[in-house]
Amino acid sequence: MAGGTLSVYTPNPRHLIERLKERELLLSQNVTHIGLRHAEALTAAFEGAGFAVDRKEWRPSFFRGLRSLERVAGRRFELFRYRLCIRGRTPA
(Lines give C-alpha, C1' and ligand atoms only; values in the text may rest on other atoms or scores of the structure.)
Protein backbone atom coordinates (compact mmCIF):
# COMPACT_ATOMS: atom_id res chain seq x y z
CA MET A 1 0.00 0.00 0.00
CA ALA A 2 1.61 3.23 -1.15
CA GLY A 3 1.06 6.73 0.20
CA GLY A 4 -0.25 7.89 3.52
CA THR A 5 -0.75 10.79 5.90
CA LEU A 6 0.36 11.34 9.47
CA SER A 7 -1.10 14.20 11.49
CA VAL A 8 -0.07 15.27 14.98
CA TYR A 9 -1.87 17.72 17.29
CA THR A 10 0.22 18.11 20.43
CA PRO A 11 1.08 20.55 23.24
CA ASN A 12 3.92 22.95 22.52
CA PRO A 13 6.60 22.46 25.21
CA ARG A 14 7.76 26.04 24.63
CA HIS A 15 4.35 27.54 25.47
CA LEU A 16 4.04 29.56 28.69
CA ILE A 17 1.58 27.13 30.28
CA GLU A 18 3.68 24.06 29.46
CA ARG A 19 6.73 25.79 30.97
CA LEU A 20 4.78 26.50 34.15
CA LYS A 21 3.59 22.88 34.27
CA GLU A 22 7.14 21.62 33.84
CA ARG A 23 8.13 23.57 36.98
CA GLU A 24 4.88 22.55 38.73
CA LEU A 25 3.77 26.17 39.12
CA LEU A 26 0.03 26.93 38.92
CA LEU A 27 -0.84 23.67 37.16
CA SER A 28 0.40 20.13 37.44
CA GLN A 29 1.86 18.24 34.49
CA ASN A 30 -0.52 15.94 32.63
CA VAL A 31 0.92 12.46 33.09
CA THR A 32 -0.26 11.44 29.61
CA HIS A 33 1.89 14.16 28.00
CA ILE A 34 5.24 12.42 27.82
CA GLY A 35 8.17 13.37 25.63
CA LEU A 36 6.82 16.67 24.34
CA ARG A 37 8.78 17.90 21.31
CA HIS A 38 9.00 21.32 19.72
CA ALA A 39 7.98 21.92 16.09
CA GLU A 40 11.49 21.63 14.65
CA ALA A 41 12.10 18.24 16.31
CA LEU A 42 8.72 16.91 15.14
CA THR A 43 9.36 18.10 11.59
CA ALA A 44 12.79 16.44 11.58
CA ALA A 45 11.25 13.19 12.89
CA PHE A 46 8.58 13.24 10.17
CA GLU A 47 11.15 13.88 7.45
CA GLY A 48 13.49 11.24 8.85
CA ALA A 49 10.66 8.72 8.59
CA GLY A 50 10.07 9.58 4.92
CA PHE A 51 7.19 12.03 5.29
CA ALA A 52 7.11 15.35 3.44
CA VAL A 53 5.70 17.93 5.87
CA ASP A 54 3.04 19.93 4.06
CA ARG A 55 1.42 21.66 7.06
CA LYS A 56 3.10 23.05 10.15
CA GLU A 57 0.81 25.31 12.16
CA TRP A 58 -0.10 26.26 15.71
CA ARG A 59 -3.34 26.96 17.56
CA PRO A 60 -4.15 29.23 20.51
CA SER A 61 -5.44 27.88 23.81
CA PHE A 62 -9.03 27.84 25.05
CA PHE A 63 -8.31 30.11 28.06
CA ARG A 64 -10.25 33.38 27.92
CA GLY A 65 -8.04 36.41 27.76
CA LEU A 66 -4.91 34.37 27.12
CA ARG A 67 -6.41 33.13 23.84
CA SER A 68 -6.70 36.71 22.53
CA LEU A 69 -3.12 37.46 23.51
CA GLU A 70 -1.94 34.23 21.86
CA ARG A 71 -3.67 35.05 18.59
CA VAL A 72 -1.71 38.30 18.37
CA ALA A 73 1.62 37.38 20.01
CA GLY A 74 1.78 33.80 18.71
CA ARG A 75 2.56 35.06 15.23
CA ARG A 76 5.94 36.27 16.49
CA PHE A 77 6.64 34.40 19.72
CA GLU A 78 6.59 30.63 20.22
CA LEU A 79 5.90 31.23 23.92
CA PHE A 80 2.29 31.91 22.88
CA ARG A 81 1.70 28.96 20.51
CA TYR A 82 -0.38 26.56 22.60
CA ARG A 83 -0.77 23.53 20.31
CA LEU A 84 1.33 22.36 17.40
CA CYS A 85 -0.34 20.90 14.31
CA ILE A 86 1.87 19.05 11.85
CA ARG A 87 0.90 16.95 8.83
CA GLY A 88 3.17 14.85 6.68
CA ARG A 89 2.50 12.78 3.57
CA THR A 90 4.34 9.93 1.91
CA PRO A 91 4.43 9.56 -1.86
CA ALA A 92 1.60 7.62 -3.48
Trainee: Minimum heavy-atom separation for Pro13 and Arg19, please, with both atom names.
Mentor: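 Looking at all heavy atoms of both residues, the shortest contact is O-CG, 3.8 Å.
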
Trainee: Is there a path of hydrophobic side-chain contacts, each under 4.5 Å between heavy atoms of I/L/V/M/F/W/Y residues, joining Leu79 to Leu25?
Mentor: yes

Trainee: Spell out, as yes or no, whether a donor-acceptor pair under 3.5 Å connects the side chain of Arg83 to the backbone of Trp58.
Mentor: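 No; judged by distance alone, with no hydrogens or angles, the pair does not exist.
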
Trainee: At their closest point, which heavy atom of Arg87 faces which heavy atom of Ser7, and how far apart are they?
Mentor: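 Answer, listing the atom of Arg87 first, then Ser7: CG-OG, 3.5 Å.
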
Trainee: How close do Phe51 and Leu6 get, heavy atom to heavy atom, and via which atoms?
Mentor: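 In this case the closest contact between Phe51 and Leu6 is CE2-CB, 3.7 Å.
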
Trainee: OG1/Thr43 to CD1/Ile86 distance, rounded to the nearest 0.5 angstrom?
Mentor: 4.0 Å

Trainee: Which heavy atom of Leu84 sits nearest a heavy atom of Arg37, and at what distance?
Mentor: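 For Leu84 and Arg37, the tightest heavy-atom pair comes out as CD1-O, 3.7 Å.
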
Trainee: Is there side-chain contact between Cys85 and Arg59, with at least one heavy-atom pair below 4.5 Å?
Mentor: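 Touching, per the 4.5 Å side-chain cut-off.
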
Trainee: For Pro60 versus Arg67, what's the shortest heavy-atom pair and its separation?
Mentor: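 Of all heavy-atom pairs spanning Pro60 and Arg67, the closest is O-NH1, 3.8 Å.
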
Trainee: Please check if Phe77 and Phe63 belong to a single hydrophobic cluster, counting links between Ile, Leu, Val, Met, Phe, Trp and Tyr side chain heavy atoms closer than 4.5 Å.
Mentor: yes

Trainee: Any sub-3.5 Å donor-acceptor pair from Asn12's side-chain atoms to Tyr82's backbone N or O?
Mentor: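 Pair absent, no side-chain N/O of Asn12 close to backbone of Tyr82.
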
Trainee: Glu70 and His15: which non-hydrogen atoms are nearest, and at how many Å?
Mentor: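 Glu70 and His15 have their closest heavy atoms at OE2-NE2, 2.5 Å.
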
Trainee: Which residue in the set Val72, Leu69, Ile17 passes side chain to side chain contact (heavy atoms under 4.5 Å, CB included) when paired with Phe80?
Mentor: Leu69

Trainee: How long is the span from the CG atom in Leu42 to the CD atom in Glu47, to the nearest 0.5 Å?
Mentor: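 Taking CG in Leu42 and CD in Glu47, the distance rounds to 11.0 Å.
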
Trainee: Calculate, to the nearest 0.5 Å, the distance between atoms CD and OG belonging to Glu22 and Ser28 respectively.
Mentor: 13.5 Å

Trainee: Inspect the contact between Glu40 and Arg14 and indicate whether a charged nitrogen and a carboxylate oxygen are less than 4.0 angstrom apart.
Mentor: yes

Trainee: To the nearest 0.5 Å, what is the distance between CZ (Arg75) and CZ (Arg81)?
Mentor: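 Separation between the atoms: 11.0 Å.
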
Trainee: Any donor-acceptor pair under 3.5 Å linking the side-chain atoms of Glu78 with those of His38?
Mentor: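 The answer is no; no qualifying pair exists.
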
